[in-house]
Amino acid sequence: MFSYLMEKILKFGGTSCGSIVSIQSVISIIESNFKAQTKFAVVFSAMSGVTNQLLEAGNLASKRKNTDNSIIEDIENRHFEIIKHFIPVTGQSQVIAQIRTLINELRDVLKGISLIKEISPKTSDLLVSFGERLSTQLIFSVLAQKGLPVLYVDARNLIKTNRNFGKSEVNFSETNPLIQQYFNENAHKICLITGFIGSNADGDTTTLGRGGSDYTASVFGSALNVQEIEIWTDVDGMMTADPRKVFAAFTIPSISYAEAMELTHFGAKVIYPPSLQPAFAKNIPIRVLNTFNSSFKGTIISRESTLSPYIITGISSIDHLSLVNLQGSGMIGVAGVSAKLFTVLAREKISVILISQASSEHSICFAIEPQVSEKVKEILYREFSAEIESGDLEGIDIQNDLSVIAVVGEGMRKHTGVSGKLFSVLGKNGINIVATAQGSSELNISVVIEQKDLSKALNVIHETFFFSQLKTLHLFLVGTGLIGKTLLAQLIGQERYLAKYKGLKIKLVGLANSRKQYIHEAGIDLKNAIEWLDSKGSTNDLNSFVSDLKQLNLPNSIFADCTASKDIYQFYLGLFHANVSVVTPNKVANSGPYELYAELHQTALAKGVKFLYETNVGAGLPVINTLQGLISSGDRFEKIEGILSGTLSYLFNSFVPGKSFAEVLMEAKKKGYTEPDPREDLSGMDVARKILILSREIGLKLEFSDITISPIIPRSCEMAPTVDAFFDELENQNAYFEDLVNRAHAHGHVLRYIATLEDQKITIGLKEIDSSHPFYQMDGADNVIAFTTKRYHDRPLVIKGPGAGAEVTASGVFADIVSLGSYLG
Ligand code: ASP
Ligand code: MG
C-alpha cells in the first residue's frame with residue numbers, strides 16, 4: 001500500500017499565532033495530531049499584524065524617523081509574553097536569548113535601511129521575513145519544551161524562487177526535490193515551517209506575496225503529495241456570506257475549487273485560492289478550520305463539492321467600486337473599441353472587476369476600484385480623444401458609490417430561474433440594479449447596486465437562497481395601546497408556530513408610542529418590548545423614527561400604525577417610496593380625500609409594497625380581503641349593506657319594547673362599548689368612514705360629503721351641552737324612541753342601524769327590517785356585512801361576527817402582517 005511520507009500539512013495564520021489563547025489552541029491541535037500518530041508538518045504565519053508593523057518600521061527607517069523603536073519593542077514584547085506564559089522560568093532565558101538574537105538582527109537591518117535612507121524590494125523581503133522566523137521559532141521553543149519531536153524549518157532553505165522580490169514565483173523543479181529529500185531525512189520529526197518566505201538562486205530572502213503562508217502550505221503539500229491541507233484561521237471556514245453583514249450567514253461544508261475561486265475573487269477574507277493552486281493542481285483537498293473553535297468541521301475545498309441542498313453556494317461582494325460607461329453609435333460593430341479599451345487598461349495596470357456589454361453594442365461598461373476612477377477617466381479621455389471628437393463616442397461617464405454582489409454556485413448550471421429570483425427579490429425591496437454580468441461558466445451572477453443598499457441586498461439574497469424556509473419580516477410598530485399590546489402578545493404566542501409552519505420570523509425592530517420611541521436593529525425582545533421602550537427609548541419624534549427606519553433600509557420592512565392618530569398617515573407615502581409596507585387598523589388615510597386614497601394605493605402598487613388595512617372595517621372579520629377577492633375574480637357589486645358599529649349594533653339589538661333607549665345606552669356606556677360622549681357613536685361618523693372605504697374598494701370615487709346620514713336622535717338631544725344633560729334629554733324624548741320600537745315590533749320588524757351602498761350612493765340610518773333580512777337575527781355587538789353581487793345575487797354573501805375589540809383587531813393586523821410574508825422577499 002502506498003504510504004504517505006506526510007499525510008497532512010497544517011497552516012496557522014496570523015491570528016492563530018497572535019495571542020496566548022490562540023497559541024494554547026495551536027498547541028492542543030498539534031498535540032492531538034501527534035497523539036493520533038498522524039504524519040504531519042506545520043506552517044506558520046507571523047503573529048497577526050507583525051508583517052505590517054515590519055513594513056511600517058522599514059518605511060520609517062528609510063525616512064530616518066525611527067528615533068523611537070516602539071514598533072520593534074512591541075513585537076519583541078509580544079513574543080516575550082508568549083514565552084513567559086508557556087515556558088517554565090528555568091527554560092526562559094535560553095529561549096529569550098534566541099528571540100533576542102533575531103530581534104537584534106532585525107534592528108541591524110533597520111539600521112542599514114536608515115543609513116542608506118532607502119528600502120529596496122530585496123531589503124523589504126528580508127525585513128518582513130523576521131515575522132515568520134520569529135513566530136515559528138517561538139512556537140518551536142514552546143513545543144520543544146513540551147517534549148515534542150519538533151524541528152524548526154527555515155523555508156528559505158527549501159523553497160527556491162526567482163528574483164521577483166515582494167511576490168516571487170516558486171521554481172518547483174528545484175523546490176520539490178529539496179522538500180522531498182528533507183522530509184525523507186526527517187520523517188520522524190514534526191517540521192515547523194516558516195510561511196511566506198523563500199530564497200532565490202543568490203541566496204537572497206524572497207517572499208511569496210502578502211498572505212503567502214497559504215502558498216507555502218500548498219507548495220509543501222503538493223511536493224509531499226499529502227492527503228489534505230488544513231488552513232487554520234479565525235473563522236468557521238468559508239461562509240455563505242460575510243457574517244459581519246449577514247447575521248444569518250453559515251459555514252459552507254463543502255465547496256469546489258472553482259466555486260471557492262469565484263467567491264474569493266470578490267474580497268476573499270478567509271483564504272486566497274490562487275495561492276492554493278499547487279494543491280488544486282494535485283487535487284489535494286483543503287480544509288479551512290477555526291483555531292478558536294477547533295472541533296468545528298469547517299469547509300472542505302475539493303474538486304467537486306458534495307451535493308448541497310441549495311441552488312447557490314455563497315454570496316460575496318465588493319463594498320466600493322465605480323462603474324465606467326462608454327457609449328456611442330461608433331461602437332456598434334466596431335470590435336476595435338473594446339479591444340483598444342482593454343489594451344489601454346491592461347497597459348496602465350488597471351484591474352477590471354466586471355464587464356458588461358449590451359448586445360446592441362451601443363455601450364460598454366466596466367467596474368473598477370474607486371481609487372483609480374479619476375485616473376481611468378483621464379486615460380480614457382486621452383486615448384479616445386479622436387473618437388470623442390468625431391462623435392463616435394458620446395462620452396465617458398463614471399458612477400461612484402457602488403457595490404457589487406456575486407452569487408456563486410455550480411448548482412446554477414442545473415437550475416433555471418436563479419437570476420429571475422435574484423432580480424425579483426431585489427426589485428421587491430426597491431434595490432436598483434445598475435449593471436449585471438453573468439460569467440458564461442454560469443458559476444457566477446454579479447449585480448452592481450448602489451452602496452447604500454448593499455447590506456439590505458446581501459441579506460435578502462441570502463434569505464432567498466439559503467433560508468427560503470425562514471423569512472424575516474422587520475416590523476416597526478407605532479402604538480402601544482390596547483391593540484398594539486395585544487398584537488405584541490399574539491406575536492410572542494405565535495413565534496414558534498410561524499417559524500415552524502410558515503417559515504416566518506417577525507422581528508420587531510422599532511417601537512413607538514405617543515411618548516417614546518426605540519429602534520434596535522438586532523431586534524427588540526418581544527417580551528420586554530414595552531419596558532425597553534420606556535427605559536431605552538428616546539422622546540417621541542415620529543419624523544426621526546421614520547427617517548431612522550428608512551436609513552436602516554432593512555429588507556421586508558413593515559410599518560404598523562396601531563393608533564387612532566390623525567397625524568401618522570402623512571408618513572405612509574414616504575414609507576411606500578422607501579419600499580416599506582404599511583399595515584394599519586387606522587381608518588384616517590383611507591377615509592380622507594379620495595385623491596389621497598388613490599395616491600396611496602397607486603404608490604404602493606408602483607413600488608411593489610403592500611398597504612393592508614383589513615381591520616379598517618369589522619376589525620378582524622375578513623371583509624376587505626373578501627371584497628378584494630370578489631373584485632379581482634371579476635364579480636360585480638350591486639349592493640353592500642352593513643351594521644358596521646359594534647356599539648350601535650349592541651344598542652339596537654338590546655333595544656326592545658319595554659326598555660327605554662336611555663337605559664340601554666347607559667348600559668352600553670357602562671360596559672365600555674361607547675365613546676365617553678355616546679353622541680360620537682350615534683352620529684354615525686365612524687360607520688360612514690367604513691362604508692366610504694368599502695365604496696372605494698369597489699372602485700367608486702366617493703367623498704365623505706357624498707354620504708347621507710339620517711340622524712338617530714332628535715336634535716334637542718344632539719344639542720344638549722353636556723353628557724349628563726344629553727341623557728336627561730333622552731329621557732325627555734322617551735316617547736319618540738318608544739314609538740319607534742313599538743311601531744317596528746307591531747309589524748314583526750326590528751330596528752337596525754344600517755349603512756347601505758347601492759346605485760353608487762351611500763345612505764346611513766335606522767331601518768326597520770323583517771325576519772327575512774340577514775340582519776334580523778343579531779347578537780351582542782356583532783358586525784355584519786352583506787355583499788349582493790352578480791354572483792351572490794339571490795342570497796347575499798354575509799360576513800358576521802364580533803367586529804370590535806382589541807383581540808380581534810390585533811389578530812386582523814397580525815394576519816395582514818403574516819400575509820406579507822408570502823408576498824415579500
Ligand atoms: N505574514 C504574511 C502576511 O501578513 C504572510 C501570511 O500571513 O500569510 O502577508
Ligand atoms: Mg495571513
Side-chain angles (χ1 to χ4, degrees), residues 475 477-495 497-498 502 504 506 508 526 529-530 558 560-565 582-591 610-629 640-654 668-669 671-675 680-681 686-687 689-691 693-694 697 752-755 774-775 777-787 797-821:
L475 178 64
L477 171 62
V478 182
T480 57
L482 262 183
I483 297 176
K485 274 205 186 102
T486 310
L487 176 64
L488 286 174
Q490 292 177 354
L491 285 170
I492 295 170
Q494 291 309 99
E495 204 166 1
Y497 173 86
L498 288 181
K502 293 275 168 189
L504 263 192
I506 300 176
L508 181 68
L526 290 170
I530 306 277
I558 300 169
D561 171 7
C562 288
T563 71
S565 161
V582 173
V583 174
T584 185
N586 189 326
K587 292 183 278 288
V588 174
N590 278 329
S591 60
K610 289 281 183 186
F611 180 29
L612 299 180
Y613 42 85
E614 175 58 75
T615 46
N616 273 0
V617 180
L621 295 179
V623 177
I624 294 187
N625 278 320
T626 306
L627 183 156
Q628 288 175 344
I640 296 178
E641 262 188 319
I643 296 178
L644 300 175
S645 152
T647 312
L648 296 177
S649 172
Y650 175 84
L651 264 186
F652 292 101
N653 299 343
S654 318
K669 186 170 188 292
K671 283 194 166 159
Y673 283 172
T674 70
E675 296 292 327
E680 280 178 40
D681 299 299
D686 191 51
V687 171
R689 276 198 204 98
K690 291 175 184 166
I691 188 87
I693 294 172
L694 295 182
E697 292 296 314
R752 297 289 181 252
Y753 190 69
I754 297 176
F775 299 175
Q777 191 55 52
M778 291 293 289
D779 286 300
D782 279 2
N783 279 20
V784 62
I785 302 249
F787 293 145
L797 186 157
V798 178
I799 302 162
K800 183 173 168 187
E807 277 294 335
V808 290
T809 308
S811 78
V813 175
F814 189 111
D816 275 350
I817 293 174
V818 170
S819 79
L820 281 171

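Please read all numbers here as calculations on a predicted model, not as lab measurements. Atom set for the values below is all heavy atoms of this structure, side chains included, hydrogens, waters and symmetry mates excluded.
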Could you check Leu644 against Tyr753 for side-chain contact (heavy atoms from CB on, under 4.5 Å), going step by step and ending with a plain yes or no? CA-CA 8 Å; Leu644 300 175; Tyr753 190 69; over 6 Å; no

Which atom pairs, one a donor and one an acceptor, fall under 3.5 Å between side chains of residues 480-491 and the rest of the protein, sequence neighbours left out?
{"unit_1": "Thr480", "atom_1": "OG1", "unit_2": "Asn513", "atom_2": "ND2", "d": "3.0"}
{"unit_1": "Thr486", "atom_1": "OG1", "unit_2": "Leu482", "atom_2": "O", "d": "2.5"}
{"unit_1": "Gln490", "atom_1": "OE1", "unit_2": "Ser811", "atom_2": "N", "d": "3.3"}
{"unit_1": "Gln490", "atom_1": "NE2", "unit_2": "Glu807", "atom_2": "O", "d": "3.2"}
{"unit_1": "Gln490", "atom_1": "NE2", "unit_2": "Glu807", "atom_2": "OE1", "d": "3.1"}

So, for Leu612 and Ser819, which heavy atoms are closest and what is the spacing to 0.1 Å? CD1-OG, 3.4 Å

Sidechain-backbone polar pair: Asn586 side chain, Ser565 backbone, donor-acceptor under 3.5 Å: yes

Shortest non-hydrogen separation from Leu475 to Ala560 and the atoms involved: CD1-CB, 3.9 Å

Before you tell me yes or no, could you show the steps for Lys800 and Ile643 under side-chain contact (heavy atoms from CB on, under 4.5 Å), namely the whole-Å CA-CA distance, both residues' side-chain angles and the distance that decides it to 0.1 Å? CA-CA 9 Å; Lys800 183 173 168 187; Ile643 296 178; over 6 Å; no

Flag, side chain of Arg752 to backbone of Ser649, donor-acceptor distance under 3.5 Å: no

For side-chain contact (heavy atoms from CB on, under 4.5 Å), just list the numbers for Glu641 and Ile785, CA-CA rounded to whole Å, side-chain angles, deciding distance to a tenth of an Å, and then say yes or no. CA-CA 6 Å; Glu641 262 188 319; Ile785 302 249; over 6 Å; no

Sequence-distant partners of Lys610, salt bridge (Lys or Arg N to Asp or Glu O under 4.0 Å), two or more places apart: none

Working to the nearest 0.5 angstrom, can you tell me the gap between Leu477 CG and Asp561 CG? 9.0 Å

Any heavy-atom pair between the side chains of Val818 and Gln494 that's under 4.5 Å? no

Side chain of Ser591, backbone of Arg689: donor and acceptor closer than 3.5 Å? no

Hits for salt bridge (Lys or Arg N to Asp or Glu O under 4.0 Å) against Glu495, two or more places apart or cross-chain, chain-then-number order -> Lys505

When rounded to the nearest 0.5 angstrom, what is the spacing between CD1 in Ile506 and CG in Leu504? 6.0 Å

Looking at residues at least two apart in the chain, or sitting in another chain, which of them share a side-chain contact (heavy atoms from CB on, under 4.5 Å) with Leu797? Thr626, Leu630, Phe787, Tyr792, Ile799

To the nearest 0.5 Å, tell me how far Asp816 CG sits from Phe611 CZ. 10.5 Å

Please determine whether side-chain contact (heavy atoms from CB on, under 4.5 Å) holds for the pair Cys562 and Val813, giving the CA-CA distance in whole Å, both sets of side-chain angles, and the decisive distance to 0.1 Å. CA-CA 8 Å; Cys562 288; Val813 175; 4.2 Å; yes

Measuring from atom CG of Leu627 to atom CD1 of Ile693, what distance do you get when rounded to the nearest 0.5 angstrom? 11.5 Å

Asp681 side chain to Thr674 main-chain N or O, any donor-acceptor pair under 3.5 Å? no

Which donor-acceptor pairs under 3.5 Å do side chains of residues 613-622 form with protein atoms, sequence neighbours excluded?
{"unit_1": "Tyr613", "atom_1": "OH", "unit_2": "His601", "atom_2": "NE2", "d": "2.7"}
{"unit_1": "Tyr613", "atom_1": "OH", "unit_2": "Glu697", "atom_2": "OE1", "d": "3.4"}
{"unit_1": "Tyr613", "atom_1": "OH", "unit_2": "Glu697", "atom_2": "OE2", "d": "2.4"}
{"unit_1": "Glu614", "atom_1": "OE1", "unit_2": "Ile624", "atom_2": "N", "d": "3.3"}
{"unit_1": "Glu614", "atom_1": "OE1", "unit_2": "Asn625", "atom_2": "N", "d": "2.7"}
{"unit_1": "Glu614", "atom_1": "OE1", "unit_2": "Asn625", "atom_2": "ND2", "d": "3.0"}
{"unit_1": "Glu614", "atom_1": "OE2", "unit_2": "Val623", "atom_2": "N", "d": "2.9"}
{"unit_1": "Glu614", "atom_1": "OE2", "unit_2": "Ile624", "atom_2": "N", "d": "2.9"}

Using every non-hydrogen atom in the two residues, find where Val687 and Ala755 come nearest and quote the distance to one decimal. CG1-CB, 3.7 Å

Give me the atom names and distance for the closest heavy-atom approach of Pro774 to Val798. CB-CG2, 4.0 Å

Would you mind reporting whether Ile691 and Ile640 have side-chain heavy atoms less than 4.5 Å apart? yes

Name all residues meeting the ring pair (Phe, Tyr, Trp, His ring centres under 6.0 Å) criterion together with Tyr673; count only those two or more places apart in sequence or in a different chain, and write none if there are none. Tyr650

